[in-house]
There are 2 protein chains.
Amino acid sequence: MKKPSSLIDVARRAKVNISTVSRTINQTGKIGAETQARVMKAMRELGYKPNRVARRLRARDASTHLLGLIIPNIQNIFFADLARGVEDVAYKNNYAVLLCNYDEDEAKERFYLDVLQSESVDGIILPPIHETDPAVLQVVRNGTPVVCVDRSLSSGNLDKVEVDNHTGALKAVEHIIAKGHRRIGLIGGPADSSTGRERLRGYKDAHAKAGLPLKPELMRFGDYKQDSGETIAQELLTLPDPPTALFVCNGLMTAGALETIAALGLKIPKQIALVGFDELLLADVFNPPLTLVRQPAYEVGKSAAELLLKRIEDPARPATSLKLLPELIIRKSC
Amino acid sequence: MKKPSSLIDVARRAKVNISTVSRTINQTGKIGAETQARVMKAMRELGYKPNRVARRLRARDASTHLLGLIIPNIQNIFFADLARGVEDVAYKNNYAVLLCNYDEDEAKERFYLDVLQSESVDGIILPPIHETDPAVLQVVRNGTPVVCVDRSLSSGNLDKVEVDNHTGALKAVEHIIAKGHRRIGLIGGPADSSTGRERLRGYKDAHAKAGLPLKPELMRFGDYKQDSGETIAQELLTLPDPPTALFVCNGLMTAGALETIAALGLKIPKQIALVGFDELLLADVFNPPLTLVRQPAYEVGKSAAELLLKRIEDPARPATSLKLLPELIIRKSC
DNA sequence: GAAGAACGTGCAAACGTTTGCGCATGAAGG
DNA sequence: CCTTCATGCGCAAACGTTTGCACGTTCTTC
């Protein structure tokens with residue numbers, strides 16, 4: 001473990017004081033051209049790299065050009081796309097982003113929040129695990145810029161960018177109803193997530209508008225992972241009086257549902273119609289091509305990062321709240 | 001920006017010296033039960049959280065229980081799965097992992113390497129951008145434990161876990177040949193990646209073993225992203241004398257190829273057979289179900305993390321090199 | 001009952017930076 | 001020739017920890 005060279009080493013080699021070295025590095029203060037050259041040379045020769053830890057310890061407010069992004073599940077393409085959106089604008093502005101995958105685990109979320117904070121990132125983007133997330137609130141109170149994505153935080157004054165889940169679900173279910181379906185199975189999201197609830201509301205409202213009664217036995221709730229889509233579809237489709245259409249509330253669960261539909265040998269859309277949430281790889285070349293609600297995941301990430309950068313620049317600016325519209329892509333599965 | 005409380009505040013409140021506080025936190029040294037209680041109380045009341053930055057500055061070797069993972073492209077499911085493998089074993093061992101997505105950009109890779117290093121992570125897992133990556137070598141020389149995944153680094157002495165790409169490709173192409181194909185299009189990986197070259201070698205060796213001549217016009221190389229799969233498939237399939245089968249060297253490019261096959265209205269496997277690399281969501285319920293080489297992505301991540309933890313514990317242990325076998329899953333597309 | 005041993009705690013240095021202040025030096029201005 | 005001032009640089013404190021050392025008590029042990 002070779003000890004890396006420090007300011008002191010550079011200073012010694014260039015025969016100046018460490019403050020001079022620091023100042024030439026940061027372009028702060030007046031330093032003679034000749035001295036600067038000598039310092040630069042010494043730095044090059046020693047392969048000097050500033051120690052970010054020390055730098056941040058000294059100056060808590062020294063920008064590290066580092067963003068934190070905390071996501072529930074990296075295997076969910078929605079979040080991967082979102083992450084890319086964040087990445088791209090961050091990088092364009094010379095920021096790097098530290099990604100943390102908390103796997104819907106509250107303790108883990110808290111841990112990462114801690115880490116990012118104590119790494120002094122300039123700001124954090126995350127979907128709060130639920131509406132009143134005290135850990136997140138604490139971070140906000142500490143003065144770290146935070147922007148919420150996808151899910152919201154009840155406590156008002158935060159920048160956030162969400163998808164209009166209610167409208168998305170409403171349109172989807174209205175489309176299903178327009179296709180003549182009356183028994184529409186719901187594979188919903190977790191009840192304690194705002195996205196889950198909003199999509200459920202869309203499902204309900206579509207029924208109400210069409211004067212269709214809700215059938216509780218057709219409404220089940222998963223955890224946004226593939227397995228639960230598979231299991232719930234199994235339950236629903238083996239009911240004595242099964243639904244004729246399925247509305248599945250996210251991409252992974254849609255994949256799961258498709259697995260059981262295939263296992264059951266059901267034909268889409270004749271025997272069972274299907275509309276899913278989230279775009280899926282290959283959805284348009286699937287057989288039949290899948291009708292689904294495309295969420296602008298990349299754009300969510302992009303906007304969030306832009307908002308965050310603005311806030312970092314001007315912490316006093318009023319909070320902006322964006323709501324992006326999802327798009328119902330009608331193909332052949334319903 | 002409220003200033004968080006420090007050891008000093010806690011010490012003052014508990015009427016002890018800061019060293020006493022530090023010691024009760026870290027369970028190091030003997031501290032009386034009563035004093036401990038007083039300190040704990042003060043910490044609770046102040047909501048004290050240790051400052052990780054300061055801690056790491058002081059003790060460069062103090063484990064932060066933090067791992068770094070640098071991946072080329074988060075949207076590639078292979079890496080998402082790999083990341084989950086890393087995550088899971090890390091978390092089980094009380095480590096957190098900082099994920100960095102460098103998007104095949106060398107400058108970005110270097111940047112993240114810098115950041116992780118100066119964040120003093122305990123170790124780093126990454127697929128080196130190419131065999132002789134000086135930045136990575138530098139990190140290794142600095143004494144930071146590194147394990148390479150997926151791709152290798154020419155300079156020997158590193159822990160690494162790879163997939164046997166040669167065997168995987170060999171089996172795949174042998175299977176294609178066994179199905180009677182003689183004109184097999186290759187949508188390969190980048191020539192400067194070890195995975196790309198190994199898979200190419202498998203493709204070539206399968207031809208050689210079957211006594212089949214290589215046809216350079218059927219061999220093209222993409223960048224592992226969906227678009228290039230789409231474009232190259234387009235080029236290949238509109239050749240005057242097009243291939244009757246396609247071997248596609250990763251998942252995203254396979255998806256791209258499927259897009260153009262659909263656009264061209266070609267029937268799989270009759271008009272064009274296909275074998276891809278990487279498991280794909282819905283591959284088994286696709287029409288037809290896709291024959292492909294499944295890489296044990298999750299296991300790669302898992303093993304890598306285990307290796308890294310072992311190395312952190314015992315930096316002197318000899319380097320281990322793992323080669324995991326991919327599996328040819330024969331379905332209907334070839 | 002005296003000599004250690006063990007225990008509990010405080011003191012201060014060190015980690016690698018940034019930065020306010022102060023001190024020379026030389027040029028400009030009267 | 002004496003002030004004034006800008007320029008260029010050094011000194012030392014501070015950021016929040018950890019940790020070796022020292023010191024005073026109390027408990028064994030013969």
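To find a chain, count down the sequence lines: A is the first, B the second, and so on, and within it residues start at 1.
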*Asks:* Could you tell me whether a side-chain N or O of A/Arg38 sits under 3.5 Å from a main-chain N or O of A/Ala14, the two making a donor and an acceptor?
*Replies:* yes

*Asks:* A/Ser19 and A/Asn17: side-chain donor and acceptor closer than 3.5 Å?
*Replies:* yes

*Asks:* Kindly say whether A/Arg311 contributes a backbone atom to a donor-acceptor pair with the side chain of A/Asp314 at under 3.5 angstrom?
*Replies:* no

*Asks:* When the distance from CZ of A/Arg56 to C1' of D/dG16 is rounded to whole Å, what number comes out?
*Replies:* 13 Å

*Asks:* Rounded to whole angstrom units, what separation is found between the CG atom of A/Leu7 and the C1' atom of C/dT18?
*Replies:* 9 Å

*Asks:* What's the spacing between B/Glu299 CD and B/Leu82 CG if we round to 0.5 Å?
*Replies:* 10.0 Å

*Asks:* Rounded to the nearest Å, what distance is computed from the CZ atom of residue B/Arg12 to the P atom of nucleotide C/dG10?
*Replies:* 14 Å

*Asks:* Distance check needed: D/dT7 C1' versus A/Glu34 CD, whole Å only.
*Replies:* 15 Å

*Asks:* Confirm from the modelled atom types if B/Arg55 and D/dT17 form a donor-acceptor pair under 3.5 Å, side chain to base only.
*Replies:* no

*Asks:* Which angle, to the nearest 10 degrees, lies between the helix axes at the two ends of the helix from C/dG1-D/dC30 to C/dG30-D/dC1, each defined by five pairs?
*Replies:* 40°

*Asks:* Rounded to the nearest angstrom, tell me the gap between atom CD1 in A/Ile25 and atom C1' in C/dT18.
*Replies:* 11 Å

*Asks:* Under 3.5 Å, side chain of A/Asn93 to main-chain N/O of A/Tyr95, donor-acceptor pair present?
*Replies:* no

*Asks:* Answer yes if the side chains of A/Tyr91 and B/Asp103 hold a donor-acceptor pair under 3.5 Å, and no otherwise.
*Replies:* no

*Asks:* Between B/Gln27 (CD) and D/dT18 (P), how many Å, whole number?
*Replies:* 13 Å

*Asks:* Could I get a table of every N or O pair under 3.5 Å where one atom is in the protein and the other is in nucleotides 5-9 of chain C?
*Replies:*
| from | atom 1 | to | atom 2 | distance (Å) |
| --- | --- | --- | --- | --- |
| C/dT9 | OP1 | B/Thr35 | OG1 | 2.3 |
| C/dT9 | OP2 | B/Gly32 | N | 2.6 |
| C/dT9 | OP2 | B/Thr35 | OG1 | 3.1 |

*Asks:* For the side chain of A/Asp122 and the backbone of A/His65, is there at least one donor-acceptor N/O pair under 3.5 Å apart?
*Replies:* yes

*Asks:* Look at all strands and tell whether B/Ile18 reaches a base, only sugar-phosphate, or nothing, counting heavy atoms closer than 4.0 Å.
*Replies:* base

*Asks:* Rounding to a whole Å, what distance do you find between B/Leu57:CG and C/dC15:C1'?
*Replies:* 4 Å

*Asks:* Could you tell me the separation between the CZ atom of A/Arg52 and the C1' atom of D/dC15, rounded to a whole number of Å?
*Replies:* 17 Å

*Asks:* Could you tell me whether the side chains of B/Asp81 and A/Gln75 share a donor-acceptor contact shorter than 3.5 Å?
*Replies:* yes

*Asks:* I'd like to know if the side chain of B/Asn101 pairs up with that of B/Tyr112 as donor and acceptor (distance under 3.5 Å, no hydrogens or angles considered).
*Replies:* no

*Asks:* Indicate whether OP1 or OP2 belonging to C/dC15 is found under 4.0 Å from a side-chain N or O atom of A/Asn51.
*Replies:* no

